[in-house]
Number of protein chains: 2
Amino acid sequence: MSEATPPAAATTRDEPRPSPPEPVAPVRPEPVVSVRPEQAVPEQAVRPALTRERIVRAAIGLIEADGPEALSMRRVATALDVAVMSLYNHVPNKKALLEGVAEHVANRLDLADDPSAPWPERARALVRAHRKMARDFPRSLTVVLSHKVDTPAGLRPAERALAVAAAAGFDGPTSVRAMRALLAYAVGTQMRELRVAEAFAHLGTPAADSFARLDPDEFPHVIALASELAENDTEADFEFGLDLLITALQLRAARA
Amino acid sequence: MSEATPPAAATTRDEPRPSPPEPVAPVRPEPVVSVRPEQAVPEQAVRPALTRERIVRAAIGLIEADGPEALSMRRVATALDVAVMSLYNHVPNKKALLEGVAEHVANRLDLADDPSAPWPERARALVRAHRKMARDFPRSLTVVLSHKVDTPAGLRPAERALAVAAAAGFDGPTSVRAMRALLAYAVGTQMRELRVAEAFAHLGTPAADSFARLDPDEFPHVIALASELAENDTEADFEFGLDLLITALQLRAARA
DNA sequence: GCGACGTACGTACGTTGTACGTCCGGCGTA
DNA sequence: TACGCCGGACGTACAACGTACGTACGTCGC
């Protein structure tokens, strides 16, 4: 390894790795003689080749580490150890990069489906897949939720949902509405969890003393249920609401 | 060919397009003599006195006009015809301003409640109030949804919801969960409508031809229901999902 | 050999949020 | 009446941002 690396080399660290001592040769010593082109390159393992895929991954990494508002083209560039403008050879602008992030994350949705299972269970699995995505990419979620995804990747969950609805025996319009209701619930849950998570990140337990200062005449129920409100078993909360929707749908399906 | 004009440019084109004829007196002609302080003010209508309230209102106006990402302190300042830094005498920073926006909008929630009505109707009214807010301040919604509101204003809807849940006979934990499920649904619906609205703002009807290009093997249901999917009766969609949740809650209440 | 081309890069511009210092007009006290 | 204080309005300044543009270099088809 690394025997006879004559010209200080270009680090070629492929990852978010600033490479401590070297100037990374931004100045390029000389265009001088020597170094016959044919034999110069191959074994040196130049650099992993900048690519839209790598850029998107780096962006996701930064978002998950520091939050979406901390993402900047400059930070992505330094994470990849390239110049800022090089990114623009693979991504037209920041908005497009964020769309790439959204699509990438959306593609991680686990849409495994067992058509032989009873439809309520299939529906549950579908909504739970959304929730799992929220757990895997918590901070990228805002990006996903605020970018329209009309690519095939974005439509795939819809396809699955409509398939399940058809299996339940719903007619066309009802299927669409049922899908939308479940989707709305999934999205809303994710938003709620996100806010809870961010709140906890900023302060310890903000609610505890906040409730104490409330006017007991105006907020009797909030105060009485303070302990329940402070507790956040997101899993149980999620399943509760999901259960409501599914049982209501079952009831509706049975009537037809 | 290098318009190397060193200082020449700068142009100082100040705005997109505000206030057609007037310079709006940004320069303040003179602090001259005359104008006795006692009788000077009332009829002259100097300037409405910069205030946090006015700043927040201006911000909301700008957000509703141009979208939340177009909001900048500089734009708020010019809208109010003051210098940028003057804003900071009333608002510590932009984030705080956005929280002010969120709180202001949240306060517009119509929480009228008739305790003598049957609880399912009261619950419906509560969720519908959220929806109405979404209709009144569509673009400010993202701001509201992404800012934790733990002020009394933010807790008021929770109080109402818990009161309704208590009227339905739910115990404490169930009340909290029911409230959260309804809230998640309301939030999710709003997010969905928002995305639909923004999509329509950008292009005519993007879906129509988008569906045509899909692989029929992978997206049979989406294609079959293309017309239903293209149609967006947000009102009916909303009521459908709300109905699911309410009937499921009624069922649960009846079992206790 | 040579041109065309794709990609990495540096420079530069306009816009953003906001720290900091200055200035002024009205108020409390002497 | 005089004076000093203070809060609010303002200008200047800076770092960080997104990105338009021009350039330099490696590779590939002739």
Side-chain angles (χ1 to χ4, degrees), chain A residues 10-12 23-32 35-42 44 46-52 54-55 59 62 66 68-78 80-98, chain B residues 1-16 24-38 40-41 44 46-52 54-55 59 62 66 68-78 80-98:
Chain A
T11 94
T12 76
V24 204
V27 267
R28 195 180 245 49
E30 258 119 298
V32 266
V35 186
R36 246 75 61 71
E38 333 90 65
Q39 59 168 235
V41 201
Q44 178 55 21
V46 266
R47 207 196 302 221
L50 197 49
T51 233
R52 185 186 146 97
R54 287 188 60 223
I55 293 175
L62 287 182
D66 303 330
E69 68 288 336
L71 185 82
S72 81
M73 300 303 271
R74 282 170 164 85
R75 249 190 274 277
V76 173
T78 63
L80 291 170
D81 195 21
V82 296
V84 193
M85 292 314 291
S86 305
L87 303 175
Y88 285 85
N89 288 322
H90 307 270
V91 163
N93 50 43
K94 189 182 184 181
K95 194 150 173 297
L97 171 56
L98 289 177
Chain B
M1 60 211 40
S2 73
E3 48 264 307
T5 64
T11 89
T12 72
R13 213 53 167 182
D14 61 346
E15 264 312 279
V24 203
V27 267
R28 195 187 246 30
E30 259 120 296
V32 265
V33 284
S34 71
V35 185
R36 248 72 64 69
E38 333 89 66
V41 200
Q44 176 58 18
V46 265
R47 209 195 301 221
L50 197 49
T51 234
R52 185 186 146 98
R54 287 188 60 221
I55 293 175
L62 288 181
D66 303 331
E69 68 288 337
L71 185 82
S72 82
M73 299 303 270
R74 281 171 166 85
R75 251 189 275 276
V76 173
T78 64
L80 290 169
D81 193 21
V82 298
V84 193
M85 293 313 291
S86 304
L87 304 176
Y88 285 85
N89 288 321
H90 307 270
V91 163
N93 52 42
K94 188 182 184 180
K95 194 149 173 296
L97 171 54
L98 288 177

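Letters go in sequence order (proteins before strands), and every chain restarts at 1. What you see is a predicted model; the values in this text were computed from it and never measured. When reading the values below, keep in mind they use all heavy atoms of this one structure, side chains included, and skip hydrogens, waters and symmetry mates.
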Margin query: Evaluate A:D66 against A:L71 for side chain to side chain contact (heavy atoms under 4.5 Å, CB included), listing each step before the verdict.
Written below: CA-CA 8 Å; A:D66 303 330; A:L71 185 82; over 6 Å; no

Margin query: Whether B:S72 contacts C:dT16 is assessed here as follows: a side-chain N or O lying under 4.0 Å from the phosphate OP1 or OP2. Is that the case?
Written below: yes

Check: When we call it a touch if two heavy atoms are under 4.0 Å apart, what does A:L87 touch: a base, just sugar-phosphate, or nothing?
Finding: nothing

Notebook entry, point to check: Between B:T51 (side chain) and B:R54 (backbone), is there a donor-acceptor pair under 3.5 Å?
Noted result: no

Checklist line | Atom pair distance, as rounded to whole Å: CG in B:L71 and P in C:dT16 | finding: 10 Å

Checklist line | Any A:S86 side-chain nitrogen or oxygen under 4.0 Å from OP1 or OP2 of C:dT7 | finding: no

Notebook entry, point to check: To the nearest angstrom, how far is A:M85 atom CE from C:dT11 atom P?
Noted result: 13 Å

Checklist line | Between C1' of C:dT16 and CE of A:M73, the distance in whole Å | finding: 17 Å

Next item on the list: Please report the closest heavy-atom contact between A:V91 and A:N93, naming both atoms and the distance.
Entry: CG1-O, 3.1 Å

Checklist line | pair A:M73-A:L97: side-chain heavy atoms closer than 4.5 Å | finding: yes

Margin query: If the helix axis at each end comes from five base pairs, how far does the helix from C:dG1-D:dC30 to C:dA30-D:dT1 deviate from straight, to 10°?
Written below: 0°

Item checked: Distance test, side-chain N/O of B:H90 to OP1/OP2 of D:dA9, below 4.0 Å -> yes

Item checked: Nucleotide nearest B:V84 (side chain, heavy atoms from C-beta), chosen from C:dT7, C:dT18, D:dC17 -> C:dT18

Notebook entry, point to check: D:dC10 P sits how many Å from B:R74 CZ, rounded?
Noted result: 15 Å

Item checked: Test log, rule side chain to side chain contact (heavy atoms under 4.5 Å, CB included), inputs A:K95 and A:L98 -> CA-CA 5 Å; A:K95 194 150 173 297; A:L98 289 177; 5.8 Å; no

Margin query: Checking A:V76 against A:V84 for the side chain to side chain contact (heavy atoms under 4.5 Å, CB included) test, could you report, in this order, the C-alpha distance in whole Å, the side-chain angles of both residues, the deciding distance, and whether it holds?
Written below: CA-CA 8 Å; A:V76 173; A:V84 193; over 6 Å; no

Item checked: Euclidean distance, atom CZ of residue B:R75 to atom C1' of C:dT16 [Å, nearest integer] -> 10 Å

Note to self: If I compare all heavy atoms of A:H90 with all of A:L50, which pair ends up nearest, and what's the gap?
What the structure shows: CE1-O, 3.1 Å

Checklist line | Distance in angstrom units between A:Y88 OH and C:dC13 P, rounded | finding: 18 Å

Item checked: Separation of atom NZ in B:K94 from atom P in C:dT15, rounded to whole Å -> 15 Å

Notebook entry, point to check: To the nearest angstrom, how far is A:N89 atom CG from C:dG10 atom P?
Noted result: 13 Å

